[in-house]
Protein chains: 2
Amino acid sequence: MQSLVYDLPMSRRTALHGPRCPITFALDIFGDKWSLIILRDMVFKGKRHYREFLASAEKISTNILASRLKRLEAEGLISKARDTKNQSKFVYSLTGKGEALLPVMLELIRWSAKYDPQTGISDNIVNGAPAQLLERLDEDRDALIEEILRG
Amino acid sequence: MQSLVYDLPMSRRTALHGPRCPITFALDIFGDKWSLIILRDMVFKGKRHYREFLASAEKISTNILASRLKRLEAEGLISKARDTKNQSKFVYSLTGKGEALLPVMLELIRWSAKYDPQTGISDNIVNGAPAQLLERLDEDRDALIEEILRG
DNA sequence: CCGGATCCGTTTCGATACTG
DNA sequence: CAGTATCGAAACGGATCCGG
């Protein structure tokens, strides 16, 4: 049985009412594998539709996907709208708050590139190889961010 | 019954053997609430002992803490040693790989500061208020990182 | 005391089937 | 197409026990 707060995670239900340590706020997102995967797919793979999220290599199941989309929307990180091209589809897109997570993800990529031998030299990310992306991250970070978000 | 791979997370057990999308590598850490809490406490609260981790506001339980410490050690993010002051205690500390996550966390803090009204203006983090920390993050980031890790 | 391991009731997840 | 419903499996949380 889904409760009134349906799928709101524990850290929100028991939220303290005072200032709290940094990072804590982000635990609901960066502390949940599936939320991260969805955000990754939106940012780096340009996914916008339910079907596309289902197709990730990590094989998210339909109920979990639905719950996370709902949660991300409730958190104000994504928004949902009908597809103007196809009235029977929905389009999910990042809000400003969601887009603002890109710098975090880029630092995560920098870290992965350094310590994960499998994070792919041959795996294209945006419009170039990760190696290029990392160079640009050092040199013109703001332009890179703009480019990833706007295409 | 703990298996041979004790608590190795799913994303590792089913790891693909080829280049993969960025972020994916980090899912075992950034994708697990408890691992993140432990890292947060080590970096921003200077915790080093089992007892200290247990005392977090999130109330991690002993079995979960033990499993995550083991996992973080297996991932090479932390190391474990006997406390020279007290032979019956252990000291956990960040490895280089673990310390290298600090830039990610700092971006997370920047994000939280912008969108979470509760991330505390009055909550001291290192040796000053978050407001100061954010200023320094813009101005002399590298020195700030050094100070957090060594200071 | 310290750092867990073990047991066990409860919660959450995940795969599949099904529906508006 | 975009989700619910269901139900077994896994993870969690709390209490307790145990070797050093």
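Chain identifiers are assigned alphabetically (A, B, ...) following the order of the sequence lines, protein sequences preceding nucleic acid strands; residue numbering begins at 1 within each chain. Computed over heavy atoms, backbone and side chain alike; hydrogens, waters and symmetry mates excluded.
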Discussion item. Using a strict threshold of under 4.0 Å (side-chain N to carboxylate O), is an ion pair present between A:Lys45 and A:Glu52?
Written reply: no

Practice prompt. Output all residues satisfying side-chain contact (heavy atoms from CB on, under 4.5 Å) with A:Ala100, sequence neighbours left out; order by chain, then residue number.
Written response: B:Trp111, B:Tyr115

Practice prompt. Counting heavy atoms from C-beta on, name the nucleotide in D:dA2, D:dG3, C:dA5 closest to the side chain of B:Lys70.
Written response: C:dA5

Worksheet entry | Nearest-Å distance for atom pair CD/P, residues B:Glu52 and C:dC2 | 11 Å

Worksheet item: D:dA10 P sits how many Å from B:Ile64 CD1, rounded?
Response: 15 Å

Worksheet entry | Whole-Å distance separating the CG atom of A:Leu69 from the P atom of D:dC1 | 16 Å

Item to complete: Examine the base of D:dA2 for any acceptor or donor lying under 3.5 Å from a partner atom in the side chain of A:Thr62, and report the outcome as yes or no.
Response: no

Discussion item. Output the rounded distance in Å from CD1 (A:Ile37) to C1' (C:dG14).
Written reply: 13 Å

Worksheet item: Do the charged groups of A:Arg141 and A:Glu135 touch, with an N to O distance under 4.0 Å?
Response: no

Worksheet entry | Between P of D:dG3 and CD1 of A:Ile38, the distance in whole Å | 11 Å

Discussion item. It should be established whether A:Trp34 places a side-chain nitrogen or oxygen under 4.0 Å from OP1 or OP2 of nucleotide C:dG14.
Written reply: yes

Item to complete: Using whole Å, report how far CD1 of A:Ile60 lies from C1' of C:dT16.
Response: 15 Å

Item to complete: Count the heavy atoms belonging to other residues, nucleotides or ligands that lie under 6.0 Å from NZ of B:Lys97, then report whether that count exceeds 12.
Response: yes

Worksheet item: What is the distance from NZ of B:Lys80 to C1' of C:dG3, rounded to the nearest Å?
Response: 7 Å

Practice prompt. Using a strict cut-off of less than 4.0 Å between a Lys/Arg side-chain nitrogen and an Asp/Glu carboxylate oxygen, indicate whether B:Arg110 and B:Asp138 qualify as a salt bridge.
Written response: yes

Worksheet item: Taking it one step at a time, do A:Asp83 and A:Lys89 satisfy salt bridge (Lys or Arg N to Asp or Glu O under 4.0 Å)?
Response: CA-CA 5 Å; A:Asp83 192 334; A:Lys89 291 176 85 172; 5.0 Å; no

Worksheet item: Which residues, if any, of residues 81-90 of chain B bring a heavy atom under 4.0 Å of DNA chain D?
Response: none

Discussion item. Side-chain N or O of A:Arg68 versus OP1/OP2 of C:dC13: is the shortest distance under 4.0 Å?
Written reply: yes

Worksheet entry | B:Arg48 CZ - C:dG3 C1' separation (whole Å) | 18 Å

Practice prompt. State plainly whether the residues B:Arg68 and B:Glu58 are in salt-bridge range, i.e. N to O under 4.0 Å.
Written response: no

Discussion item. Can you tell me whether the side chain of A:Ser61 and the base of C:dT16 have a donor-acceptor pair closer than 3.5 Å?
Written reply: no

Discussion item. Please confirm whether the shortest side-chain N or O distance from A:Lys33 to OP1 or OP2 of C:dT12 is below 4.0 Å.
Written reply: no

Practice prompt. Assess whether one donor atom and one acceptor atom, taken from the side chain of B:Asn63 and the base of D:dG14, lie less than 3.5 Å apart.
Written response: yes

Worksheet item: Where the side chain of B:Ala66 is defined as all heavy atoms beyond and including C-beta, which of D:dC12, D:dA2, C:dA5 is the nearest nucleotide?
Response: C:dA5

